[in-house]
Amino acid sequence: MPQKKIFLNESEMPSHWYNIVADMPNKPLPPLHPGTKQPVGPDDLSPIFPMDLILQEVSTERFIEIPDQVQDIYKIWRPTPMMRAYGLEKLLDTPAKIYYKYEGTSPSGSHKPNTAVPQAYYNMKAGVKRLTTETGAGQWGTALSFACQQFGLGCEVYMVRISYDQKPYRKFMMNTFGAEVFASPSNRTQAGRDILALDPTSTGSLGIAISEAIERAVGDEHTKYSLGSVLNHVLMHQTIIGQECLKQLEYAGDYPDIVIAPLGGGSNFAGISFPFLRQNIVNGKKTRFIAVEPASCPKLTKGVFKYDFGDTAGYTPLLPMYTLGHNFRPASIHAGGLRYHGASVLCSQLLRDGLIEANALQQLECFDAGVKFARAEGIIPAPEATHGIAQVIREAEQAKKEGVAKTILFNLCGHGFVDMQAYADYFEGKLNDHFFTNEELTANLAEIEALQPA
Ligand SMILES: *Cc1c(COP(=O)(O)O)cnc(C)c1O
């Protein structure tokens, strides 16, 4: 019987991140300055990011070395295990071979520290004293709090109000790692005060929280801002996941026909997919890559490919991406990490070019899949991760119909131990599916039109 768990030694941990821009047939369009509609230069970004990260953001180098100090901290949880999902295969009675990479062993319980640690490191190197950020469900805030603690940086987190109220344990985790946490919209920033003036009971959104965190960074020379997804350098840091998978599957004597991951901004999907996508582009492999989004926030399958802001107040550069509009307010689904209005520039371009696929799933199907997985494999997945699992089950059932032993790899990007309220609501029948309407889209499209370059 082959192994259930496929481990790597620490000495086998990848020494470089992979930058897919070097191999993309069509390079991503440049981010634009919203005032001039001209490409932004490094100096436009220097008030909010340290130069090392800005250079990574625009780099076309294929591999970028992971600094020793970052590798040392990665070793707290990396390399992460890959598992063969024998239990799920048996439950589904499928000929498909299902593997999953488990990123829930990290300090925050998800893939997010893979980028939080290098981001904190480069800021420390640049003499920065404090980082600000936003967090939705609390995963990213927890990861950055941990990373800042490792490098002696202060950490200020703007947490979307609805999560702040519903998910107090994430806040306590951030406090444990030494961070200050504020419910967003807050009274600490102009962006927050503007929203509260319009709607004093606003439950917040990721877009608003990003605006608050950026405003704080712009207003203080010792403070910079850190983003947990969407940007090129964030996706690149996550490629350590897929590079480990390449080696682990080699040890298992296998190669994926399909790679699946949930997509919020695109970082964990990119992390597991891009090293395999390189094999498609460079070595003629034929793997399919499926990004799974919630049906209530379907930017990839229902959105438009346009320039749009990454935040609500319009502080970020304009990014060429699939978007539902920066003022889109998704229905309150429990997978907080998937409630973002846009998708990363890299994933958007790859989808446009047909190199990756996307599907949108309803949350009841996802929770059902999550419960099946927990019972078969013994790990309770994060609500975000259940979207990937639901797609895996669809593909495994299809493989059964076709009678083919497809190899499926998915990213179990986080555990759900701090998200049990979502499961409780699911068991009590309080969750609903959401059928996205054209009105939801058109309501925000006019303001995007005005942002397009001539
Ligand atoms: C943040 C998060 C996501 C969504 O973000 P991506 O950048 O798309 O990966 C998905 N799953 C978990 C567990 C997360 O914490």
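Basis for what follows: all heavy atoms, side chains included, without hydrogens, waters or symmetry-related copies. Order of appearance sets the numbers: ligands from 1, and atoms from 1 within every ligand.
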Between [Y] and [X], is there a side-chain donor-acceptor contact under 3.5 Å, judged purely by atom types and distance?
X	Y	result
Glu428	Tyr426	no
Glu244	Gln248	no
Thr94	Glu89	no
Glu212	Ser184	yes
Gln363	Asp433	no
Tyr322	Gln349	no
Asp425	His334	yes

Output the list of atoms in ligand 1 that are nearer than 4.0 Å to some heavy atom of [X], sorted by atom number.
X	value
Leu263	8 (O)
Gln139	15 (O)
Cys413	11 (N), 12 (C), 13 (C)

Less than 3.5 Å between some nitrogen or oxygen of [X] and one of ligand 1, yes or no?
X	result
Gly264	yes
Gly414	no
Ser229	yes

Identify the protein heavy atom lying closest to [atom], giving its residue, its atom name and the separation to 0.1 Å.
atom	result
atom 15 (O) of ligand 1	Lys112 NZ, 2.7 Å
atom 10 (C) of ligand 1	Glu384 CB, 3.5 Å
atom 4 (C) of ligand 1	Gly337 O, 3.3 Å

Quiz item: Contact between Glu103 and ligand 1, counting heavy atoms under 4.0 Å?
Solution: no
Self-check item: Min heavy-atom dist Gly266 to ligand 1 below 4.0 Å
Solution: yes
Practice problem: Anything under 30° is parallel, anything over 60° is perpendicular, the rest tilted; go ahead and classify Trp17 against His237. | Solution: tilted
